Number of protein chains: 2
Amino acid sequence: MATTPAPDTAAGTDRLWASPLGSDLSFLLARANAASLAAGNAALAPHGLKARSYSVLELAVADTRPSQRELAAFLRLDPSQVVALVDDLQSRGLIERQPDPNDRRANVVIATDAGRALAEAARASAESAEHALHASLAPADRARLAELLRAIATP
Amino acid sequence: MATTPAPDTAAGTDRLWASPLGSDLSFLLARANAASLAAGNAALAPHGLKARSYSVLELAVADTRPSQRELAAFLRLDPSQVVALVDDLQSRGLIERQPDPNDRRANVVIATDAGRALAEAARASAESAEHALHASLAPADRARLAELLRAIATP
DNA sequence: TATTGTTATACTCTATAACTATA
DNA sequence: TATAGTTATAGAGTATAACAATA
């Protein structure tokens, strides 16, 4: 993540944008993501969530019944990190580990009623923050951006 | 960052993409950035660089004569982190701290000849990795993506 | 033999506060 | 009084290896 230590416009950093780095797709991606993550985490904080835990909660709420292994793969996290995320959400009564009847090694993650309620409230905050982030984009541009990102983000 | 612990296509994570999260712009941004960062760092590693240090080096090579404070603002890093990055690159003879004649508190960061040579080699690797990442996109789409990202990434 | 969840550990990154020298 | 660079330190995030239970 990256909060905003200095307002960037402080000095004449405009001229730095003229450097090759200012056109580098990886750099733009990193910067856009940093802004998005900072705004998202700030919006989720009042709900006791961060981007990571919010993602897990949303996947549980969606009734896709993911195993922890699937969560790890989809979120590109190490399985051991998913343990900590699920532990936290479960200890707060937002999700539950349900033993998979087909594979007794695996846990299926499902949301509780409290989890669904919190997810709805958190989603409203997150969407509002996200909208503010790309307020300068027309709706069609936003859809196009999502489409292009998906081409890169999808395996 | 996020390396790839599991190949994602391993299990049926396709159905997870159908969840609301799969259309969430912040999530797509995070995932695209993770893929880009992982590919970029892997490409830069043989040159002894990471995304961060490569960015600093490129800005030094571009002759924009940034102060450390400006680097911090532009890269959205804390000034104390820039110290470590500049220390590292300077100890390897790739950049130099030049006292700013107009403000004796400030250092201006400039590249050495060795720094310029390394930057050129690293840039080739980085561009090749980046190109592979969005190989599925038409050139026009790539330009459009950069444009849209810039709208979000720019202050 | 391979896989799921788990634990433990080391490492990197990030945030914060303080200090100095200049302005 | 404020700013540029620096140092030190604590915390969050990440990677890695090992283990028990199950397939």
Side-chain angles (χ1 to χ4, degrees), chain A residues 1-7 10-13 30 33-34 37-38 41-42 44-45 48-53 55-56 65-91 95-109, chain B residues 1-8 10-13 30 33-34 37-38 41-42 44-45 49-53 55-56 65-91 95-109:
Chain A
M1 183 181 116
T3 47
T4 307
T13 50
N33 179 55
L37 194 56
N41 278 332
L44 291 170
L49 295 171
K50 297 183 181 183
R52 293 274 167 75
S53 43
S55 298
V56 171
R65 304 180 62 83
S67 72
Q68 296 186 195
R69 217 76 191 188
E70 288 173 327
L71 288 175
F74 186 65
L75 300 175
R76 292 196 183 265
L77 298 173
D78 192 87
S80 64
Q81 298 175 43
V82 174
V83 173
L85 285 169
V86 171
D87 278 351
D88 173 51
L89 293 172
Q90 187 175 34
S91 74
I95 62 175
E96 278 175 2
R97 284 176 165 96
Q98 198 175 88
D100 184 341
N102 301 326
D103 185 342
R104 280 190 299 171
R105 293 172 301 179
N107 297 327
V108 162
V109 175
Chain B
M1 186 180 118
T3 44
T4 307
D8 189 44
T13 51
N33 179 56
L37 195 56
N41 278 332
L44 292 170
L49 295 171
K50 297 185 179 180
R52 293 274 165 74
S53 43
S55 298
V56 171
R65 304 180 61 81
S67 72
Q68 296 186 198
R69 216 76 192 192
E70 289 172 328
L71 288 175
F74 186 65
L75 300 174
R76 291 199 184 264
L77 297 173
D78 192 86
S80 64
Q81 297 176 41
V82 175
V83 172
L85 287 168
V86 172
D87 278 351
D88 174 50
L89 293 173
Q90 187 175 35
S91 75
I95 61 174
E96 280 175 2
R97 286 176 164 95
Q98 197 175 88
D100 185 340
N102 301 325
D103 185 342
R104 281 190 298 172
R105 294 171 303 182
N107 297 326
V108 162
V109 176

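What you see is a predicted model; the values in this text were computed from it and never measured. First the proteins, then the strands, lettered A, B, ... as listed; each starts at 1.
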Open item on the list: Among dA23(D), dT16(D), dC13(C), which nucleotide has an atom closest to any side-chain atom of Arg105(A)?
Closed with: dA23(D)
Open item on the list: Any donor-acceptor pair, under 3.5 Å, between the side chain of Arg52(A) and the base of dG13(D), if you only look at N and O atoms?
Closed with: no
Task: Heavy-atom pair of closest approach, residues Gln98(B) and Arg65(B) - done: OE1-NH2, 2.7 Å
TODO: For Val108(A) and for Pro101(B), locate the closest nucleotide of DNA chain C by heavy-atom distance; then report the residue assigned to the nucleotide nearer the 5' terminus.
DONE: Val108(A)
Task: Rounded distance (Å) that lies between atom C1' of dG5(C) and atom CG of Asp78(A) - done: 11 Å
Task: Nearest-angstrom distance from the residue atom CG of Leu75(A) to C1' of dA15(D) - done: 17 Å
Task: Gap between atom CG of Leu37(B) and atom NZ of Lys50(B) - 0.5 Å precision - done: 10.0 Å
- [ ] Using heavy atoms to find the nearest nucleotide of DNA chain D for Asp87(B) and Asp103(B) separately, return the residue whose nucleotide is more 5′.
- [x] Asp103(B)
TODO: May I have the distance from Arg76(B) (atom CZ) to dA15(C) (atom C1'), rounded to whole angstrom?
DONE: 16 Å
Task: Gln68(B) side-chain proximity, nearest of dT6(D), dG5(C), dT12(C) - done: dT6(D)
Open item on the list: Between Arg97(A) and dT6(C), is there a contact of a side-chain N or O with OP1 or OP2 at under 4.0 Å?
Closed with: yes
Task: Nucleotide dA4(D), atom C1' - distance to CG of Leu77(B) in whole Å - done: 16 Å
- [ ] Mind calculating the distance between CG (Asn107(B)) and P (dT20(C)) to the nearest angstrom?
- [x] 18 Å
TODO: Kindly give the heavy-atom pair with the smallest separation between Asn107(B) and Pro99(B), and that separation in Å.
DONE: OD1-CA, 4.4 Å
Open item on the list: Nearest whole Å is fine: how far is dG13(D) C1' from Asn41(A) CG?
Closed with: 12 Å
Open item on the list: Taking Asp87(B) first and then Arg97(B), would you say they form a salt bridge - that is, a charged N and a carboxylate O separated by under 4.0 Å?
Closed with: yes
Task: Distance test, side-chain N/O of Arg104(B) to OP1/OP2 of dA21(C), below 4.0 Å - done: no
Open item on the list: In whole Å, I'd like the distance from the CG atom of Asp88(A) to the C1' atom of dG13(D).
Closed with: 15 Å
- [ ] Would you name the heavy atoms of Leu75(B) and Ser55(B) that are closest together and state the gap between them?
- [x] CD2-CB, 3.8 Å
- [ ] Side chain of Ser80(A) only, please: which of dT16(D), dG5(D), dT7(D) is the nearest?
- [x] dT16(D)
Task: Length of the line joining Gln81(B):CD and dT16(C):P, which is rounded to integer Å - done: 11 Å
Open item on the list: Any side-chain N or O of Lys50(A) below 4.0 angstrom from OP1/OP2 of dG13(D)?
Closed with: yes
